[in-house]
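Encoded as structure tokens, the structure appears first; notes follow it.
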Amino acid sequence: MRSIVTDYLADALFRVEPDTSGQTAQYIPELAGANPESLAAVVATIDGEVYGSGDSDVEFTIQSISKPFVYALALADRGFDAVLDKVGVEPSGEAFNEVSLEHDTGRPLNPMINAGALTVQSLIGSWNSEPEDRGERVRQGLSAFAGRELTIDERVYSSEMETAHRNLAIAHMLRSRDVLTEDPRKVVAGYVRQCAVVVTTRDLAMMAATLANRGVNPLTNEQVVSGEIVRHVLSVMFTCGMYDAAGDWATQVGIPAKSGVGGGLIGALPGQVGIATFSPRLDEHGHSVRGVSLFERFSSDMGLHVMEIPSAASSVVRSNRVHDGERGPTRVLRLQGGIRFAGAERIVRDIEESGIDEARVVFDVALVFSLDAVALRLILEGSRRLIDEGREVYFVDPDGILARADVGDAVIVEELEDAVG
Ligand code: GLN
């Protein structure tokens with residue numbers, strides 16, 4: 001059978017193809033000459049399935065899409081305090097290359113604009129890393145996110161360096177405020193090299209999927225950065241990734257995203273997929289015109305907006321019945337799905353409100369596939385209180401989902417029959 005998702009992507013590309021508005025990045029000569037007709041879309045699931053359509057293996061430079069990943073590497077190398085001390089996390093509402101800093105502190109507002117990304121570049125590695133070491137750390141780090149060895153396009157690097165006046169201006173301004181403490185020209189060179197890393201749309205989708213998968217690359221299974229760092233980076237992408245279009249993007253598309261003037265655009269949907277598109281003509285914000293249309297389409301067609309409300313918490317209680325077995329009446333709560341705070345609250349409320357009369361209570365978790373820490377605490381506390389009231393409590397747990405939990409005086413059994421007799 002032909003893949004349904006690939007066919008869907010091909011159809012989406014077909015629909016945006018006629019739009020030839022926008023221009024390739026004019027301020028970097030090597031990018032100005034890119035083939036404006038290239039067009040690709042790739043979706044990578046967090047378990048490593050990749051669906052691509054169009055020019056998904058054509059190479060181009062990553063440009064600003066490197067920013068969230070290099071930010072993640074800096075957080076891993078230096079820790080949150082050292083990085084946040086130098087770069088904020090507030091949306092700027094300004095263009096990516098705005099020459100502006102926070103008034104009082106002199107910090108760049110966020111790591112997605114150039115001022116922030118230049119500062120982040122200086123924070124890679126240890127405090128005394130040489131620029132060459134930082135370059136290699138960045139290349140290797142980006143490769144780990146992509147799951148394959150990436151290289152640098154020296155022509156694009158040299159081309160951008162020849163016209164890097166604006167980034168030099170920003171870096172000198174950062175140096176004058178002591179946000180940068182080294183030669184600003186070297187920092188610009190490092191940043192421009194990071195932007196010249198060569199990727200395909202497929203690579204970008206895999207990098208985004210690594211974010212969506214809490215920092216674990218779905219192909220190599222390498223934990224590239226911690227889950228805590230990923231949550232922070234995705235939050236900054238959501239609020240700042242699309243610069244002065246971030247609010248429109250958050251409301252209409254609703255996927256943490258980042259664009260690059262090479263024509264790439266990525267979105268990472270936590271726990272689901274990484275998505276990437278490629279089309280080099282840009283709008284006034286520097287975002288790929290056809291990429292933005294594709295993402296709008298994907299978000300509505302596939303219901304990908306992160307603020308889409310998930311199924312009701314009450315759905316975690318599949319049934320709440322009294323079972324009449326040999327050992328007399330037993331209250332059986334069959335639970336299901338992924339249980340987080342609101343689901344667990346619903347379970348303990350069911351217990352509190354229904355004023356259980358039975359001497360035995362069973363929590364059947366056979367159909368539960370995940371219980372987060374707070375849900376587990378609530379349910380175990382509910383169990384403890386039932387036991388305090390003099391009842392017996394059983395958990396039906398054939399797959400060992402509670403294996404590491406301390407269930408106190410409750411009893412874990414394999415099957416419902418073992419509890420109700
Ligand atoms: N290297 C580019 C620059 O600094 C990256 C900009 C971008 O992709 N938005 O101008």
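Computed from heavy atoms alone, side chains included, the values below leave out hydrogens, waters and symmetry copies. Atoms within a ligand are numbered from 1 in the order they appear, just like the ligands themselves. Predicted, not measured: the structure shown is a model, and the values here were computed from it.
- In this structure the side chain of Asp55 never reaches within 4.5 angstrom of the side chain of Thr201, judged on heavy atoms.
- Counting heavy atoms of neighbouring residues, nucleotides and ligands inside a 6.0 Å radius, atom CZ of Arg177 exceeds 12 of them.
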Report the C-alpha separation of Arg185 and Asp183 in whole Å, then their side-chain angles, then the decisive distance to 0.1 Å, and conclude whether the salt bridge (charged side-chain N to carboxylate O under 4.0 Å, His left out) test is met. CA-CA 5 Å; Arg185 288 166 297 190; Asp183 183 350; 3.2 Å; yes

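- Distances below 4.0 Å separate heavy atoms of Asn114 from the following atoms of ligand 1: 3 (C), 4 (O), 10 (O).
- The protein heavy-atom contact nearest to atom 10 (O) of ligand 1 is Tyr27 OH, 2.5 Å.
- The shortest heavy-atom distance from Gly260 to ligand 1 is under 4.0 Å.
- With hydrogens left out, the protein atom closest to atom 7 (C) of ligand 1 is Ser64 OG, 2.5 Å, a heavy atom.
- For ligand 1 and Gln63, the ligand atoms under 4.0 Å from any heavy atom of the residue are 1 (N), 2 (C), 5 (C), 8 (O).
- Ring pair Phe96/Tyr243 is tilted by interplanar angle, where 30° to 60° counts as tilted.
- Proximity of Asn110 to Glu90: side-chain heavy atoms (C-beta onward) are nowhere separated by under 4.5 Å.
- Under a 4.0 Å criterion applied to the non-hydrogen atoms of Cys195, ligand 1 contributes the atoms 1 (N).
- The shortest heavy-atom distance from Asn97 to ligand 1 is not under 4.0 Å.
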